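Counting starts at 1 for both ligands and their atoms, following the listed order. Computed from a prediction, not measured in an experiment: that's the story for all the values here.
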Amino acid sequence: MRIAVVGTGYVGLVSGTCLAETGVTVTCVDVNSTKIDLLNDGGMPIYEPGLAELVIRNREDGRLFFTTSLREGLKDADAVFIAVGTPPDEDGSADLHYVLDVAREVGEIINDYIVVVTKSTVPVGTNYKVKATIKAALEKRGADIPFDVASNPEFLKEGDAVNDFISPDRVVIGVESDRAKHVMERLYHAFILNNTPILFMDILSAEMTKYAANSMLATRISFMNDIANLCEIVGADVEAVKKGIGSDTRIGKKFLNAGCGYGGSCFPKDVKALIRTGDDHGHSLELLKAVERVNENQKSVLFRKITSRFGKELKGRRFAMWGLAFKPGTDDMREAPSLVLIEKLLEAGAVVRAFDPVAVEECKRRIGNRIEYADNMYDALEGADALIVVTEWAEFKIPKFTFIEKALKHKIIFDGRNIYNPEQMQEFGYEYYGIGRKTK
Ligand SMILES: NC(=O)c1ccc[n+]([C@@H]2O[C@H](COP(=O)([O-])OP(=O)(O)OC[C@H]3O[C@@H](n4cnc5c(N)ncnc54)[C@H](O)[C@@H]3O)[C@@H](O)[C@H]2O)c1
Ligand SMILES: O=c1ccn([C@@H]2O[C@H](COP(=O)(O)OP(=O)(O)O[C@H]3O[C@H](CO)[C@@H](O)[C@H](O)[C@H]3O)[C@@H](O)[C@H]2O)c(=O)[nH]1
């Protein structure tokens, strides 16, 4: 089987590479020639654990190719995956112009039956727009070539992307013809053999499933953040509450971590886009509007704790920041809570010295030298008034506390991801501020 994957970002590169790993011949296409050149030279445009090895192996085995030419990618392809970005427009709706540009180009090029699969996260009804766009391009050429559209939303998490793709909880596929279903079954053959649930459904339901999943997960996080803030007021401990409710199998243990807010390229934009879809259809999604409000507020929770400890005027204060990426395991900083905190600290006159195991270059690209960058986690602490933990990288969880004590001016930690135990921190003489944690 042969496919093209258009858009070689987090989703396109991971999906294309993992499908190549199952034996499919994959050509990844991107308009960004720097990215394609880098991949053809054996480099990696993104940090994603385990991905580089798979890319190299499948390229060497002749199953994975990179090009800027969609025409080349579509040659003899059974299916083309659209995996380009769908960033939020000014009004919160998903900007579909990248997706529809690819659809038009596909219509301008194809000469034989193909399934056009939308992997990008797109609002309900978008596949029909894709279909209409391809039809219009074919009509313009006077060509009558059969094709089908399919929706195959992606559920991978950055930082765990390879594992999520290869061993998914399920694969969701929306189709409207047996022919397209058959192509998708062949494509996911290795997953079917592996007993992965492949959930075929209609296209509109598949599109909605993606937004409903992300919105449900975002809702759990905002719910826990709201509860955490109340825990602080009433003297309860959100980590105990998390265990208490997570042990109920109807609730489950995952995605209940309170913290300094959710970020990333998906939850913020997808919650916004679903709210917008609701509004467009005269159905206000009140719950999701609250989820978004709670999250915006939560991104400032550490700043509020810092100013209530040090006062609103932070001129002359230095802060060590551990973590810049929106979550561990990635260099992605889209909608990262660290960016909100940095802006607020700088505005209040503070100096920030940050360390992140992989996201420093990305941070420099975004905000340049407005903050200082440390070479390692301990170097960030030198002369700082306090340590702020924003991202829960594994190495931050078991630091050498003697190094922290030597470097910090005061033994003060603001822990935005609840990675330390407040009682033990207090025993060791730290002033510790977690999120929704009980302190004596
Ligand atoms: N990042 C994630 O974890 C994740 C997970 C699931 C779903 N998604 C969804 O998948 C989609 C892609 O997300 P991403 O994070 O991979 O985006 P990304 O920005 O990392 O990558 C998109 C790529 O598409 C390329 N592109 C744009 N227009 C093109 C065109 N006409 N032809 C060829 N290439 C083109 C860009 O150059 C870029 O390399 C989005 O809809 C997103 O919501 C993302
Ligand atoms: O209990 C939790 C879990 C996550 N987060 C935060 O939520 C954000 C998103 O984390 P995560 O979901 O792990 O990463 P993403 O890569 O954004 O993945 C989400 O978004 C993707 C894009 O749509 C989906 O494919 C995934 O299924 C979905 O988990 C991050 O800022 C996390 O710090 C919390 O605050 N508490």
Can you see which heavy atom on A325 is nearest to which on T330, and at what distance?
CB-O, 3.1 Å
Apply side chain to side chain contact (heavy atoms under 4.5 Å, CB included) to K140 and list each qualifying residue two or more places apart in sequence or on a separate chain.
none
Keeping [X] on the side-chain end and [Y] on the backbone end, is there a donor-acceptor pair under 3.5 Å?
| X | Y | result |
| --- | --- | --- |
| T68 | V31 | no |
| N297 | R293 | no |
| D61 | R63 | no |

Candidates I388, L341, I371 - the one meeting side-chain contact (heavy atoms from CB on, under 4.5 Å) with V352:
I371
Extract all N/O-N/O pairs under 3.5 Å that connect ligand 1 to the protein, and present each with both atom names and the distance rounded to 0.1 Å.
residue	atom	partner	partner atom	Å
ligand 1	1 (N)	E158	OE2	2.9
ligand 1	1 (N)	S265	OG	3.4
ligand 1	3 (O)	E158	OE2	3.3
ligand 1	15 (O)	R334	NH2	3.0
ligand 1	16 (O)	Y10	N	3.0
ligand 1	16 (O)	V11	N	2.9
ligand 1	20 (O)	Y10	N	3.4
ligand 1	34 (N)	V31	N	3.3
ligand 1	37 (O)	D30	OD1	2.6
ligand 1	39 (O)	D30	OD1	3.4
ligand 1	39 (O)	D30	OD2	2.6
ligand 1	39 (O)	K35	NZ	2.6
ligand 1	41 (O)	T86	OG1	2.5
ligand 1	41 (O)	T121	N	2.9
ligand 1	43 (O)	T121	OG1	3.4
ligand 1	43 (O)	K269	NZ	2.6

Report all protein residues having a heavy-atom distance below 4.0 Å to some atom of ligand 2; order the list by chain, then number.
E154, F155, L156, K157, E158, K210, N214, I221, F255, L256, N257, Y262, G263, C266, F267, D270, F326, K327, R417
What about F396 and W322, are their ring centers closer than 6.0 Å?
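Between W322 and F396, which both carry aromatic rings, the centre distance is below 6.0 Å.
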Can you pull the side chain to side chain donor-acceptor pair (under 3.5 Å) pairs that have at least one residue in residues 227-240, sequence neighbours excluded?
N229-Q298, E232-K305, D237-R437, E239-K242, E239-N418
Side chains of D91 and S93: is there a donor and an acceptor less than 3.5 Å apart?
yes
